[in-house]
Amino acid sequence: MKKYQLKNIDCASCAAKIEDGLSKIPDVKFVSVNFANSTLQIDASDIEEVKQKIKEIEPEVEVVEPTDDPTPPAKRFAIKDELAENKNELIKIFIALLLLSVGFIFEDELHNTPYHIAEYLVFISAYLISGWGVLRGAARSIAKGKVFNELFLMSIATLGAIAIDEMAEAVAVMLFYVVGELFQDIAVNRSRKSVKALLEIRPDYANIKINGEVKRVSPMEVHPGQIIVVKPGEKIPLDGNIIEGKSFVDTSTLTGESVPRAVKESETVLAGMINKSGLLTIEVTKEFGESSISKILELVENASSKKAETEKFITTFARYYTPVVVFGALLLAVIPPLFFAGQTYTAWIYRALVVLVISCPCALVISIPLGYFGGIGGASRKGILVKGSNYLDALTKIKTVVFDKTGTLTKGEFKVAEIISANGFKEEEILKYAAYAEANSSHPIAKSILDAYKNKIQQNEITEVKEIPGHGIQAKIDGNEVLIGNDKLLHNENIKHDKCDVEGTVVHVAVNKKYAGYIVISDSLKDEAKETIAELNKLKINTVMLTGDNKSAADVYAKKLGIKEYYSELLPENKVQHIEKLLETTKDGKVAFVGDGINDAPVIARADVGIAMGALGSDAAVETADVVLMTDSPMQVVKSIEVAKRTRTIVWQNIAFAMGVKLFFILLGAFGIATMWEAVFGDMGVAIIAILNAMRVMK
């Protein structure tokens, strides 16, 4: 799969045609053309054949090879710069407008005189100056058999007006169409640049330290193991570990969080963070292309390739809509004069031409992909990465959100709260056996036990360690057979014990098949966990909790959170089974699963919408999930649904507005109430308003 930039692609229907044409090449396995950011994403072995096909469909469009240059473009674009880019177009428009004004004078003074030829010369000159590009584009399309597009609609409408001696209107319509297209291009380009500016968090340079000297280089020239220096106010260019210094870092570009985070020696920092205060010396751990920021940028930029059903529908709709409009206008021009007395062809042809002008589908074809693109960009500002507009749509249909407990609703910061001994064992012995058994584990519960033990582990005393999935650990420690784990482990090994249901997270310990006691591990809820469940309930979204904890611990947390449906003592495969049951029973909506993105990868992959939380720097999360929440806050789940609903609302506002206005003007045109002046203002006005409305979603 490769990504290319498309130069000179200035019309949304052109993008749709290119995508449709390329999809018919046998060698092409996948293709997505995104008009909003002028990109082509394609899976094909012969790119030359692809380029040739694009030249056949749209000769003006150029395919630009992808670049590895990390330098971002300017982040702010003034209107004067955009007008400077369109200097030639503006000169043509000014000359055509001047000639049109002269033409009006000639029309009044010379129309019924032998000199009226001057009137025609002025109007035709103005028409060709303003509309030559449109006429040429229409002719090229017709030559390739691609008849029905907006260029054809505008050409036939204005040429028809000239044929029935409506010279002034023909020129005015073409002139205002070109002006509208110019403003439309400026609006689209500003919107593209606004979205790209949201994503331009890519670092420009790195200060590499070699032999005591600091040298400024491209981040792509730095490799793992090398040392970089980041001064206050600079972006951290690559992922790495701090080896010297402490500071506060601004993580807002990655997570959307406005409060700076304190960092010190041995802690990990990520590319894209901004160093706010102290000097940091960092050992690089990843190549620039593998850094978190590169993965995030790639994810957001490629999100547009996974299109929502609304986008696909509008593209297909536009393909059939234009021919229907043309033939409808033809019938409008021909049938009334044939069947109704006193009706003239000139009047009805004029009405048909008005219908053609107003019927251009640009507003829909441009504003809808732009709305989704803006929604994805706006979500990324909040630290929510959505992998495609199809997932943005899916978020609006969620009826059930399933949460993993540990690390998702709770902090996952386990501490030993209590040690209960039995059968003559001492508390110190129980803690020691548990610590030795967990010595090589990275699980949060194991860490809490090791933190509580504090003494040095003598590795030579540990001769055997065997993990029993979903139950615990069996180990040989100083010649003793030690079992640590849950209540199920004790029952499986037929170890007698007094209590089965202990409130909280419990680690039972048995030595040489004799019950020694248990350790109570405490965890705390995340700050916004309870509020998140309450907000989802307000949205009438069902909440479910899945956990590997015992039933007693699950009862406690579910009661605190206000979750009515929950399942405990689950292995990873059991969680998948529960998700599958919910998928079967949730008929009118989607099921989302929220987990930490590493241990819950199978469940995240199985849900309708897989959401990885707190996945900053987690490769597994970025790969597996459909939505990646860059912070540990459960409230991001609610925010992601709100962003999705806002995006969908704006998209449907544009559809309803564009279709409603066009239908209204078509009726006015058909009944002879609207002229071409109203039609062209209606068409271009609708397109520009729809584009500006689509841009709102970025905020």
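What you see below is based on every heavy atom in this structure, not just the backbone, and it leaves out hydrogens, waters and symmetry mates.
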What pair of heavy atoms forms the shortest contact from [X] to [Y], and how long is it?
X: Leu561; Y: Met545; result: CD1-SD, 4.1 Å
X: Asn440; Y: Gln459; result: OD1-NE2, 3.7 Å
X: Val284; Y: Lys286; result: CG1-O, 3.2 Å
X: Pro260; Y: Phe248; result: CB-CB, 4.1 Å
X: Thr410; Y: Asp523; result: OG1-OD2, 2.6 Å
X: Gly610; Y: Ala625; result: O-CB, 3.5 Å

Using modelled atom types only, decide if a donor and an acceptor are shared between the side chain of [X] and the backbone of [Y] within a distance under 3.5 Å.
X: Asn390; Y: Asp393; answer: no
X: Gln226; Y: His223; answer: yes
X: Lys540; Y: Lys399; answer: no
X: Thr586; Y: Leu583; answer: no
X: Thr647; Y: Tyr372; answer: no
X: Ser448; Y: Lys415; answer: no
X: Asp43; Y: Lys29; answer: no
X: Glu429; Y: Lys426; answer: yes
X: His471; Y: Pro469; answer: yes
X: Lys246; Y: Ala262; answer: no

Could you go through the side chain to side chain donor-acceptor pair (under 3.5 Å) check for Tyr567 and Asn574 one step at a time?
CA-CA 10 Å; Tyr567 303 93; Asn574 300 140; over 6 Å; no
Test log, rule side-chain contact (heavy atoms from CB on, under 4.5 Å), inputs Ile521 and Ile449
CA-CA 8 Å; Ile521 310 290; Ile449 291 171; 4.1 Å; yes
Please say whether more than 12 non-hydrogen atoms of neighbouring residues, nucleotides or ligands are located less than 6.0 Å from CD in Glu244.
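No, because the 6.0 Å sphere around CD of Glu244 holds 12 heavy atoms or fewer from other groups.
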Using the rule given for side-chain contact (heavy atoms from CB on, under 4.5 Å), can you reason through His508 versus Tyr515, listing the C-alpha separation, both sets of side-chain angles and the distance that settles it, and then say yes or no?
CA-CA 8 Å; His508 294 278; Tyr515 187 60; 2.9 Å; yes
Using 0.5 Å steps for rounding, measure from the [atom1] atom of [X] to the [atom2] atom of [Y].
X: Thr251; Y: Leu270; atom1: OG1; atom2: CG; value: 9.5 Å
X: Lys411; Y: Asp527; atom1: NZ; atom2: CG; value: 5.0 Å
X: Leu409; Y: Lys530; atom1: CG; atom2: NZ; value: 13.0 Å
X: Thr408; Y: Phe593; atom1: OG1; atom2: CZ; value: 6.5 Å
X: Asn275; Y: Leu280; atom1: CG; atom2: CG; value: 4.0 Å
X: Thr396; Y: Arg646; atom1: OG1; atom2: CZ; value: 15.0 Å

Salt-bridge present ([X], [Y]; N to O < 4.0 Å):
X: Glu267; Y: Lys264; result: yes
X: Lys645; Y: Glu642; result: no
X: Asp555; Y: Lys559; result: no
X: Lys575; Y: Asp404; result: yes
X: Lys551; Y: Glu569; result: no
X: Asp204; Y: Lys235; result: no

Between Thr547 and Ser568, is any side-chain donor less than 3.5 angstrom from a side-chain acceptor?
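Checked: Thr547/Ser568 side chains show no N/O donor-acceptor pair below 3.5 Å.
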Taking Val402 as the fixed residue, which of Val594, Val603, Val544 is the one that meets the side-chain contact (heavy atoms from CB on, under 4.5 Å) rule?
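Passing option: Val544.
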Does the side-chain contact (heavy atoms from CB on, under 4.5 Å) test come out yes or no for Val511 and Phe425, once each step is laid out?
CA-CA 10 Å; Val511 181; Phe425 284 90; 3.9 Å; yes
Step by step, would you call Tyr557 with Leu525 a side-chain contact (heavy atoms from CB on, under 4.5 Å)?
CA-CA 8 Å; Tyr557 287 110; Leu525 292 177; 3.9 Å; yes
Would you say Asp478 and Gln458 make side-chain contact, with heavy atoms under 4.5 Å?
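No. Closest side-chain heavy atoms not under 4.5 Å.
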With the side chain counted from C-beta on, respond yes when Met273 and Arg261 share a heavy-atom pair under 4.5 Å apart, and no when they do not.
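Met273 vs Arg261: side chains touch.
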ring-ring contact (aromatic ring centres under 6.0 Å, His included) evaluation trace for His497 with His491
CA-CA 9 Å; His497 54 290; His491 286 283; 5.0 Å; yes
